[in-house]
2 protein chains.
Amino acid sequence: MRDSVTRQTLADQVFARVVEAIVVGEIEAGSPISENEIALRFGVSRGPAREAIFRLEAKGLATRVAHFGARVVDLTLDDLRSLFELREAMEGMACRLAAERITDAELVVLEESLRGHAVRPEVASGQSYYQPGGDQDFHFGIARASHNQRLFRALSDELYDVMRLYRFRSSLTPGRAIEARNEHRAIVEALRSRDPARAEEAMRAHIRSSWRNTQTTFRTQTSTSEPRI
Amino acid sequence: MRDSVTRQTLADQVFARVVEAIVVGEIEAGSPISENEIALRFGVSRGPAREAIFRLEAKGLATRVAHFGARVVDLTLDDLRSLFELREAMEGMACRLAAERITDAELVVLEESLRGHAVRPEVASGQSYYQPGGDQDFHFGIARASHNQRLFRALSDELYDVMRLYRFRSSLTPGRAIEARNEHRAIVEALRSRDPARAEEAMRAHIRSSWRNTQTTFRTQTSTSEPRI
DNA sequence: ATGTCGTAAACTGTAGACAGTATGCGATTT
DNA sequence: AAATCGCATACTGTCTACAGTTTACGACAT
């Protein structure tokens with residue numbers, strides 16, 4: 001017994017490290033990635049490297065064309081809008097279901113993550129590549145509390161890392177942190193009173209609010225990055 | 001120029017055929033599928049077969065365990081509930097967005113599909129493995145009319161085939177067809193008047209209604225299939 | 001000088017062989 | 001007889017080599 005978890009395959013490891021490299025910006029958005037390049041970089045053959053790139057595509061972190069190659073996605077403002085719309089739908093539903101099904105223990109964890117004291121079993125056990133901060137912990141916890149496995153996996157497999165890809169480069173506009181905290185409080189309050197409709201609407205409002213903030217950040221970014229020397 | 005579309009890879013072809021075989025029931029739910037078996041069946045090497053199985057997993061049609069193998073999913077009633085909840089969220093949002101963005105031409109196509117006269121560009125051009133009937137055409141059209149690429153792909157890549165897997169085995173309860181048609185009419189009416197909130201709610205109501213019907217079918221199926229001789 | 005054609009290079013797609021791992025059956029022991 | 005250990009088997013994971021495709025560069029003709 002070498003670990004509590006089955007030994008990872010090379011493809012698993014390569015995939016995890018490439019995702020991290022992309023999200024952190026080590027491999028920059030829009031850059032082409034060849035199987036050989038990945039294989040050499042991590043000292044494996046083309047097989048696992050190829051598999052990792054396929055998974056990148058499934059995760060929405062890269063696009064592929066047959067017989068041609070893959071490149072890291074480069075999100076436009078329109079892409080971000082699409083992502084936030086999808087997120088609003090999915091997290092809204094997750095929050096509604098959580099209001100119906102959340103356990104007292106899960107509720108406690110959520111309330112703790114509001115104070116930045118989150119316990120993160122998924123990350124600790126290596127089930128996820130996702131390393132949440134306070135906000136991300138919070139959303140993760142609600143997704144789990146929905147007790148809907150498909151929904152949870154859809155969110156963590158396909159949305160959270162891509163959001164992270166962008167969020168890593170973005171910053172909060174002034175006052176957004178406090179605003180977000182208040183919205184989180186409203187969500188937890190709805191969950192505590194087990195009010196599905198209110199919980200869903202609170203989450204959707206939160207994500208729309210986050211989208212408005214992101215739009216601003218994006219405009220600022222693109223307008224300030226051009227005149228840089 | 002051999003086709004209007006880039007020549008498919010072997011993995012593409014194998015994947016498409018396996019999906020079809022699973023959905024149709026030729027490969028039955030819950031049965032294990034080995035890479036060798038697929039490779040032999042379609043006369044290719046293990047490479048493309050392996051890739052096809054990976055994609056099955058991404059699509060939610062199979063589950064895999066490292067070093068062990070894959071098996072076709074066998075949906076429980078709980079899995080179906082999860083799927084319908086996810087679908088309610090995503091299609092609800094798709095319908096809301098469609099109400100804001102649908103073109104007159106797209107609206108015409110939808111109205112035609114209500115009469116069973118649908119034009120299906122995606123299927124005709126081979127971009128999808130999905131062969132919709134009237135109902136499925138309808139939902140497909142709304143997903144497309146959302147003009148949200150991520151949402152559209154999430155629905156067609158991850159949800160529709162799995163739903164099809166189940167739907168293929170299910171039947172309509174008496175009166176459900178008429179009920180569904182009325183719900184479709186309500187949705188189109190909301191779209192025509194460009195009313196996002198009403199459109200979303202109409203779609204969500206439709207899917208909840210479909211879920212209630214499915215539950216009944218499921219119970220009937222499982223209770224009648226046991227005493228079969 | 002410009003456009004077109006052909007060739008070469010780089011990459012992906014596929015095949016086949018080898019290595020490693022999990023499972024199940026059978027032999028052995030208690 | 002039951003339980004446990006070990007071996008054989010079947011499968012997945014990985015590597016290497018080859019084939020096919022696409023792009024890009026350069027030579028040639030106009």
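Throughout, protein chains are lettered first and strands after them, A, B, ... in sequence-line order, and every chain is numbered starting at 1. The analysis underlying the following values was restricted to heavy atoms, covering all of them including side chains, and did not include hydrogens, waters or symmetry mates. Note that the coordinates shown come from a computational prediction; the quantities given were computed from them, not determined experimentally.
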Minimum-distance nucleotide to [X] side chain [options: [options]]:
{"X": "A/Thr9", "options": "D/dT14, C/dT12, C/dT14", "answer": "D/dT14"}
{"X": "A/Arg46", "options": "C/dG13, C/dT14, D/dT14", "answer": "C/dG13"}
{"X": "B/His67", "options": "C/dG13, C/dA22, D/dT16", "answer": "C/dA22"}
{"X": "A/Leu10", "options": "D/dC15, D/dT12, C/dA15", "answer": "D/dC15"}

Rounded to the nearest Å, what distance is computed from the [atom1] atom of residue [X] to the [atom2] atom of nucleotide [N]?
{"X": "B/Phe42", "N": "C/dT14", "atom1": "CZ", "atom2": "C1'", "answer": "17 Å"}
{"X": "A/Glu51", "N": "D/dT14", "atom1": "CD", "atom2": "C1'", "answer": "10 Å"}
{"X": "A/Leu40", "N": "C/dC11", "atom1": "CG", "atom2": "C1'", "answer": "13 Å"}
{"X": "A/Asn36", "N": "D/dA17", "atom1": "CG", "atom2": "C1'", "answer": "13 Å"}
{"X": "B/Asp12", "N": "D/dG20", "atom1": "CG", "atom2": "C1'", "answer": "15 Å"}

Checklist line | C/dT12 phosphate, OP1 or OP2, under 4.0 Å from A/Arg50 side-chain N/O | finding: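 Answer is no, no contact under 4.0 Å.
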Check: Within the pair B/Arg64 and D/dG13, is there a side-chain N or O less than 4.0 Å away from OP1 or OP2?
Finding: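 Affirmative; the distance criterion is met.
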Next item on the list: Would you kindly compare B/Glu35 and A/Val44 by the position of their nearest DNA chain D nucleotide and give the one closer to the 5′ end?
Entry: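 Of the two residues, B/Glu35 wins.
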Item checked: Residue whose closest nucleotide on DNA chain D lies nearer the 5' end, A/Gly43 versus B/Phe68 ->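 Whichever sits nearer the 5' end wins; that is B/Phe68.
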Item checked: Check: A/Ser146 main-chain N/O paired with A/Arg101 side-chain donor or acceptor under 3.5 Å ->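 Between the backbone of A/Ser146 and the side chain of A/Arg101 there is a qualifying donor-acceptor contact (under 3.5 Å).
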Item checked: SB check B/Arg50 A/Glu51 (cutoff 4.0 Å) ->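 The answer is yes: the pair qualifies as a salt bridge.
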Checklist line | Salt bridge B/Arg41-B/Glu26, side-chain N to carboxylate O under 4.0 Å | finding: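 A salt bridge links B/Arg41 with B/Glu26.
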Notebook entry, point to check: What does B/Gly69 touch in the nucleic acid at a heavy-atom separation under 4.0 angstrom: a base, only the sugar-phosphate, or nothing?
Noted result: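 Sugar-phosphate, no base atom in range.
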Margin query: Using 30° and 60° as the class boundaries, would you call the ring planes of A/His139 and A/His206 parallel, tilted or perpendicular?
Written below: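 Judged by the thresholds at 30° and 60°, the geometry between A/His139 and A/His206 is parallel.
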